[in-house]
Amino acid sequence: MASHSPALDGITVLDLSTVGPGPRCTRILADYGAKVVKIGAPRAGLQIEPAKWAYGGGRGWTHTRIDLKSPDGKAEFLALARGADVVLESYRPGVVDRLGIGFEAVRAVNPRIVYCSISGYGQTGPYAGHPGFDQIAQGMGGLMSITGEPGKGPMRVGIPIADLTAGIFCSQGILLAII
């Protein structure tokens with residue numbers, strides 16, 4: 001029986017995301033063989049351990065802690081980005097640029113980088129600075145208006161459908177960019 005390498009064998013993803021779509025996206029990429037490096041702040045418990053559910057343990061997933069607010073941390077991240085294929089982040093718009101690790105900074109050290117930013121309302125526009133959460137997306141998108149019990153108010157869907165599908169679409173976008 002012939003064996004084959006996973007489709008993303010040799011691809012390294014730096015994951016700066018915290019909850020929802022980001023971990024779902026990187027789980028999919030790891031399932032296809034990518035090495036995912038989850039990067040969290042040096043403070044204990046900052047969304048690295050709770051996010052393990054999305055990675056399913058193993059699957060090519062590792063983690064490290066970097067103080068991105070320090071010059072040494074910024075340099076450490078950019079050194080990792082130099083050898084990476086993908087950077088995924090889910091900070092509010094503008095945060096990565098203030099930290100000095102936005103697309104232009106990473107592209108300066110790695111011109112072939114695929115840089116993906118996840119945000120609830122995009123990078124510009126009237127809601128860009130607002131946090132986006134699954135329940136809010138369900139409500140604003142109208143999904144909650146068609147769920148629930150007759151005669152009662154809107155109810156969110158039982159699973160975080162907006163976060164799950166956003167993670168799937170995010171992984172598809174990254175895969176297309178890699179191709």
Backbone N or O of [Y] within a donor-acceptor pair of the [X] side chain at under 3.5 Å?
X	Y	answer
R65	G40	no
N110	A81	yes
D134	D163	yes

Which heavy atom in [X] sits nearest to a heavy atom in [Y], and how many Å separate them?
X	Y	answer
Q135	M144	O-SD, 3.6 Å
R24	I168	CG-N, 4.3 Å
G73	L68	O-CD2, 4.2 Å
P93	R98	O-NH1, 4.5 Å

First locate atom [atom1] of [X], then atom [atom2] of [Y], and finally report the distance between them rounded to the nearest 0.5 Å.
X	Y	atom1	atom2	value
K74	I101	NZ	CD1	9.5 Å
I39	L80	CD1	CG	5.5 Å
L99	Y91	CG	OH	6.5 Å
L14	K35	CG	NZ	9.0 Å
I136	R156	CD1	CZ	12.0 Å

Any [X] side-chain heavy atom under 4.5 Å of [Y] side chain:
X	Y	answer
V36	T62	no
Q138	I161	yes
R92	P131	yes
T147	P154	no
C116	E89	no
F169	I174	no
C25	S171	yes
I178	V86	yes

May I have the step-by-step check of side-chain contact (heavy atoms from CB on, under 4.5 Å) for I118 and L88, ending in yes or no?
CA-CA 8 Å; I118 299 173; L88 172 69; 3.6 Å; yes
Tell me whether Y32 at atom OH has more than 12 heavy atoms from other residues, nucleotides or ligands lying less than 6.0 Å away.
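No - once you tally the heavy atoms of other residues, nucleotides and ligands closer than 6.0 Å, there are 12 at most.
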Might you work through the side-chain contact (heavy atoms from CB on, under 4.5 Å) test for V106 and E104, ending with a clear yes or no?
CA-CA 5 Å; V106 173; E104 293 300 332; over 6 Å; no
Can you check side-chain contact (heavy atoms from CB on, under 4.5 Å) on V13 and V87, steps first, answer last?
CA-CA 6 Å; V13 178; V87 169; over 6 Å; no
Show the numbers, then the answer: is there a side-chain contact (heavy atoms from CB on, under 4.5 Å) between I11 and L29?
CA-CA 9 Å; I11 298 292; L29 298 176; over 6 Å; no
Under-4.0 Å salt bridge between D85 and R112
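So D85 pairs with R112 through a salt bridge.
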Would you call the rings of Y115 and F103 parallel, tilted or perpendicular, where under 30° means parallel and over 60° means perpendicular?
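Ring orientation, 0 to 90° scale: perpendicular.
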Compute whether any side-chain donor of one residue and acceptor of the other, for S17 and D15, lie under 3.5 angstrom apart.
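A donor-acceptor contact under 3.5 Å links the two side chains.
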V157, F133: one ILVMFWY side-chain cluster at the under-4.5 Å cut-off?
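Looking at the clustering, F133 is in a separate group from V157.
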